[in-house]
2 protein chains.
Amino acid sequence: MPGFVRSIPEGDDRERLTCADCGFVAYENPKVVVGSVVAEGGRILLCRRAIEPRAGFWTLPAGYLEMQETVEEGARREAWEEARARIALEGVLAVYSIARLGQVQVIFRASLAEPGIEAGPESLELRWFGWEDIPWEEIAFPSVRWALRRWRETAGAPLGPPALNPPEDPRGTRPLPQAQGL
Amino acid sequence: MPGFVRSIPEGDDRERLTCADCGFVAYENPKVVVGSVVAEGGRILLCRRAIEPRAGFWTLPAGYLEMQETVEEGARREAWEEARARIALEGVLAVYSIARLGQVQVIFRASLAEPGIEAGPESLELRWFGWEDIPWEEIAFPSVRWALRRWRETAGAPLGPPALNPPEDPRGTRPLPQAQGL
């Protein structure tokens, strides 16, 4: 970021990224990721990533929420962009914080609203995985594993309160080998 | 924002705020607001705002999540900053989208972890309100009303899945008279 320096703006209490030329303060805030565990008949939809980070690994349909979107709209848009899937959201399955990356992930439990899926431009391939067939070693991000486990815990039952981070990574600060974020 | 113009960066699909001088792209994403309905003995803690927008109106302890924070940490920090309250989070009560403002609000159900509260610099006054005494006409933001109603629906019962936006404002686009945002 050319010309940007870290300084504390007047009236603030922490350093912000500020343009040394024009004084513009680029406030950095955590970004919202929205995604879904889409299941049909006990099988879960995963997308093999066509793009970095973690190209070739399996993930949920998920991505950054855009301005002017609700979390529900964002989750449906991501399912469409990555899997050409029209999905029906049942409710919020999990809210994860990835402090290391400045992310809050809102993950829904969902099913197909219309039959048919097809890989979008960010997916190499789509597949419906039974629980026993999930390729745990080829999952793109830790939070995808967390969400899949949470889905399994609640499968077939009414949704309770959303899971928060699991005990093994309560702040979302633990990078896995090679993992680079969702 | 001096020097900033709207244009579509290469490889993107929508307009972003870009510095005409240095090319820096200031991606705008929704911000995360974290807050809590803190209750003790059936009474709810509200803070009378010392600052704009909506100075003088009542709100929940809530504010923007910072980088490197989890949603739980942010909610606890805001309760401390605004009410000098040490709180215990029970779970996520609601996830609201305010598309008009580019906000996602994660609201917890909470209680005091230690006795004692005191107005912080952003609060004129604090008060514990019984349900019948809540000053509905002096509530700062629509989503505070939503969260209070949701708290009432779930009071004394285990938390279910979080509420999403209510039917009267499913996208968070309806400004109330004089309301300017949470």
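Keep in mind the model is a prediction, meaning the values are calculated, not measured.
- Looking at B:Glu90, there are no atoms closer than 4.5 Å to chain A (heavy atoms on both sides), in backbone or side chain.
- Under a hydrophobic clustering in which Ile, Leu, Val, Met, Phe, Trp and Tyr are joined whenever their side-chain heavy atoms come within less than 4.5 Å, directly or via other members, B:Leu89 and A:Val92 fall into the same cluster.
- The same ILVMFWY cluster, assembled from side-chain heavy atoms under 4.5 Å apart, contains both A:Val95 and B:Val34.
- For B:Val71, the parts sitting under 4.5 Å from any heavy atom of chain A are the backbone and the side chain alike.
- Residue B:Met67 holds its CE atom at 13.5 Å from CD of A:Glu15, rounded to the nearest 0.5 Å.
- At a threshold of 4.5 Å between side-chain heavy atoms, the hydrophobic network of Ile, Leu, Val, Met, Phe, Trp and Tyr places A:Leu164 and A:Leu93 in two separate groups.
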Mind running side chain to side chain contact (heavy atoms under 4.5 Å, CB included) on A:Glu28 and B:Glu66 for me, showing each step along the way?
CA-CA 8 Å; A:Glu28 295 169 290; B:Glu66 294 280 359; over 6 Å; no

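- For chain B, the nearby part of A:Glu69 is the backbone; its heavy atoms alone come within less than 4.5 Å.
- For the pair A:Glu72 and B:Arg171, the minimum side-chain heavy-atom distance is 4.5 Å or more.
- The closest donor-acceptor contact from the side chain of A:Asn29 to the backbone of B:Leu65 lies under 3.5 Å.
- Applying the salt bridge (Lys or Arg N to Asp or Glu O under 4.0 Å) definition to pairs two or more places apart or across chains, none involves residues 31-42 of chain B.
- B:Gln68 touches chain A through backbone and side chain together, each having a heavy atom under 4.5 Å away.
- Residue-environment remark: CD (A:Glu168) exceeds the threshold of 12 foreign heavy atoms within 6.0 Å.
- B:Phe108 and B:Val37 fall into different hydrophobic clusters, where Ile, Leu, Val, Met, Phe, Trp and Tyr are joined by side-chain heavy atoms under 4.5 Å apart, directly or via other members.
- Looking only at side-chain heavy atoms (C-beta outward), A:Thr70 and B:Val104 stay at 4.5 Å or farther from each other.
- With a threshold of 4.5 angstrom between heavy atoms, B:Pro170 approaches chain A through N, CA, C or O but not through any side-chain atom.
- In this structure A:Ser123 satisfies the side-chain hydrogen bond (donor to acceptor under 3.5 Å, both in side chains) test with no other residue, sequence neighbours excluded.
- Chain B forms the most heavy-atom pairs under 4.5 Å with one residue out of A:Gly91, A:Pro162, A:Gly74, A:Gly102, and that residue is A:Pro162.
- Closest non-hydrogen pair, B:Val32 versus A:Pro30, comes out as CG2-O, 4.2 Å.
- Put simply, of B:Gly160, B:Gly172, B:Pro158, the one with the most heavy-atom pairs under 4.5 Å next to chain A is B:Gly160.
- A continuous path of hydrophobic side-chain contacts links A:Leu159 to A:Leu148 [ILVMFWY only; heavy atoms under 4.5 Å].
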